[in-house]
Protein chains: 2
Amino acid sequence: MEEKYLQSVKENLKKKGYKLTGPRLAILKYLLRKKGHHSIMDIYEKMRMKNDRIGIATIYRTVDLFLELGIVRVLTINNSKPCFEINWPGDHHHHLICKGCGRIIEFGSCNFIQIVGEIERVTRFSVKEHTLEAYGLCPKCAQKTEDYSTEKI
Amino acid sequence: MEEKYLQSVKENLKKKGYKLTGPRLAILKYLLRKKGHHSIMDIYEKMRMKNDRIGIATIYRTVDLFLELGIVRVLTINNSKPCFEINWPGDHHHHLICKGCGRIIEFGSCNFIQIVGEIERVTRFSVKEHTLEAYGLCPKCAQKTEDYSTEKI
DNA sequence: TATCTTAATGATAAATATTATCATTTGAAT
DNA sequence: ATTCAAATGATAATATTTATCATTAAGATA
């Protein structure tokens, strides 16, 4: 699975005339291994801890390139620093962010085909991608809020 | 309409113990008047040009406060600087961004009630808000792409 | 495999963006 | 009108991002 994906990334790069360098491969593997959402600084610090001599400029450059090639996706929660994740082909998921504890849940393929059709019909755009972020309260935090609201002050 | 909204913002601030100061009102009016999506620097520069003595720190602080109070919404397109817009109550729109020319189209209330219900059922979260960005090509840029693809090289 | 060519890298300087500090101002409660 | 804390603007301090450039290393070629 990952092997196959690495292969496809390699072809993707080559096709556009980019090299599959050590640092690029290392960042890719980092994101594949860690899963989840990682800021530039996350990636940089964690990789440096693993005795990797990588420079931060390379992280910026590589993430930008990966974004352009569709290898990664960016997630910007509220107003904070952008985080990146592997854009697995066929894995069309979205994010549910708890406003209480900040936990991020991924939820699977949304029934969006109809809505996209509607958008295309109304706007005359052709829609290629979409991202959806939902904000709310996880069960625990919802419980807490309820506790507060019934609490005597 | 705007009068009424200003009034509600005033109450919103007061309720939480914040003051309706000159700068806050000025920023709010700027966003109400200009419509669309504005970065921190946009707001700062335009307001300074209008002989406004406002400091940039105040823009940051005020926008953060307005976000927290739900008075504005943030839109972060791809990986660029966040832009802000008035969060009109009842105006639940989303953004369609042309990957060709960067133009942003707003599209109206999406049929999302079912999907939100589904998300809540599966994740046990209670969903309060959601944002949806769609990326694609506007009619003009779609046309251009087609031109290229049929062009002899 | 050794050589060559050029894109890519890492270090770091430079430029931008954001946050913290603090003396002064101002909103609004009294 | 007075009071007082919150808010402001200027700007210093940090943090983030981009640009520069000598060096390195993919990958093409022989």
Side-chain angles (χ1 to χ4, degrees), chain A residues 6-7 9-30 37-69 71-72 74-84, chain B residues 6-7 9-30 37-69 71-72 74-84:
Chain A
L6 280 176
Q7 193 53 38
V9 168
K10 208 165 177 171
E11 281 162 19
N12 194 347
L13 286 169
K14 188 180 279 186
K15 197 168 56 190
K16 304 265 174 48
Y18 297 110
K19 295 174 181 172
L20 181 61
T21 64
R24 283 173 184 168
L25 191 59
I27 292 168
L28 186 62
K29 284 188 171 171
Y30 175 88
H37 316 92
H38 308 276
S39 70
I40 296 287
M41 208 41 86
D42 288 343
I43 301 171
Y44 178 65
E45 285 175 350
K46 300 278 170 52
M47 289 186 76
R48 291 294 288 218
M49 287 202 295
K50 287 241 185 303
N51 67 48
D52 209 327
R53 270 224 153 291
I54 201 161
I56 196 162
T58 299
I59 313 276
Y60 278 101
R61 288 184 289 228
T62 302
V63 164
D64 279 352
L65 177 66
F66 283 1
L67 268 178
E68 190 188 310
L69 298 179
I71 295 166
V72 303
V74 61
L75 172 66
T76 306
I77 289 165
N78 276 324
N79 206 11
S80 66
K81 295 280 162 272
C83 291
F84 305 90
Chain B
L6 280 176
Q7 192 53 39
V9 168
K10 208 166 177 172
E11 280 162 20
N12 193 347
L13 286 169
K14 187 181 281 185
K15 196 168 57 192
K16 303 265 172 49
Y18 298 110
K19 294 174 182 173
L20 181 62
T21 64
R24 284 172 183 169
L25 191 59
I27 292 168
L28 186 62
K29 283 187 171 173
Y30 175 88
H37 316 93
H38 308 276
S39 71
I40 296 287
M41 207 40 88
D42 288 342
I43 301 170
Y44 178 64
E45 284 175 349
K46 301 279 170 51
M47 288 186 75
R48 292 294 289 219
M49 286 202 294
K50 288 240 186 308
N51 68 47
D52 210 325
R53 272 225 152 291
I54 201 162
I56 197 162
T58 300
I59 314 275
Y60 278 101
R61 288 183 289 227
T62 302
V63 164
D64 280 352
L65 177 64
F66 283 2
L67 268 178
E68 190 188 309
L69 297 180
I71 294 166
V72 303
V74 61
L75 172 65
T76 306
I77 289 165
N78 277 325
N79 207 11
S80 66
K81 294 280 161 273
C83 291
F84 305 89

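Below, read A as the first sequence line, B as the second, and so on, with proteins coming before strands; counting in each chain starts at 1. What you are looking at is a predicted structure, and each value in this text was computed from that prediction instead of being measured.
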Using atom names, set out every protein N or O paired with an N or O of nucleotides 8-10 of chain D below 3.5 Å, distance rounded to 0.1 Å.
unit_1, atom_1, unit_2, atom_2, d
D:dT8, OP1, B:Thr21, OG1, 2.7
D:dG9, OP2, B:Gly55, N, 3.3
D:dG9, OP2, B:Thr58, OG1, 2.5
D:dG9, N7, B:Arg61, NH2, 2.7
D:dG9, O6, B:Arg61, NH1, 3.4
D:dA10, OP1, B:Arg53, NH1, 3.4
D:dA10, OP2, B:Arg48, NH1, 3.4

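Checking the phosphate oxygens (OP1, OP2) of C:dT19, no side-chain nitrogen or oxygen of B:Tyr60 falls inside 4.0 Å.
Summarising the geometry, the separation between CG on A:Asn79 and P on C:dT18 is reported as 8 Å, rounded to the nearest angstrom. As a whole-Å value, the separation of A:Asp64 CG from D:dT17 C1' is 10 Å. Distance CG (B:Leu28) to P (D:dA7): 16 Å, rounded to an integer number of Å. Counting to the nearest Å, the C1' atom of D:dG27 and the CG atom of A:Leu25 are 15 Å from each other. Atom NZ in B:Lys81 sits about 7 Å away from atom C1' in C:dA17, given to the nearest Å. One atom, CE of B:Met41, and another, P of D:dT17, lie 15 Å apart when rounded to the nearest Å. Going from atom OH of A:Tyr18 over to atom P of C:dT5 covers 23 Å, rounded to whole Å. Counting to the nearest Å, the C1' atom of C:dG27 and the NZ atom of B:Lys19 are 5 Å from each other.
For the pair A:Lys19 and A:Lys14, the minimum side-chain heavy-atom distance is 4.5 Å or more. Residues A:Ile27 and A:Ile54 meet the side-chain proximity criterion, which asks for heavy atoms closer than 4.5 Å. A 4.5 Å side-chain heavy-atom check between A:Val63 and A:Val74 finds every atom pair outside the cut-off. Between A:Leu25 and A:Leu6 there is a side-chain heavy-atom pair separated by less than 4.5 Å. Using a 4.5 Å heavy-atom threshold, the side chains of B:Met41 and B:Ile59 count as separate. Taking 4.5 Å as the limit, every side-chain heavy atom of B:Leu67 sits out of range of all side-chain heavy atoms of A:Asn78.
With a 6.0 Å radius and a threshold of 12 heavy atoms from other residues, nucleotides or ligands, A:Lys50 has its NZ atom at or below the threshold.
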Open item on the list: The test is side chain to side chain contact (heavy atoms under 4.5 Å, CB included); show your working for B:Arg61 and B:Thr58 and say whether it passes.
Closed with: CA-CA 5 Å; B:Arg61 288 183 289 227; B:Thr58 300; 3.4 Å; yes

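Within the 4.0 angstrom heavy-atom criterion, only backbone atoms of the sugar-phosphate kind lie near B:Leu20; the bases stay farther away.
Checked by atom type and distance alone, the side chain of B:Asp42 pairs as donor or acceptor with a backbone atom of B:Ser39 at under 3.5 Å.
One end of the helix from C:dT1-D:dA30 to C:dT30-D:dA1 points its axis 40° away from the other end's axis, with each axis taken from 5 pairs and the angle rounded to 10°.
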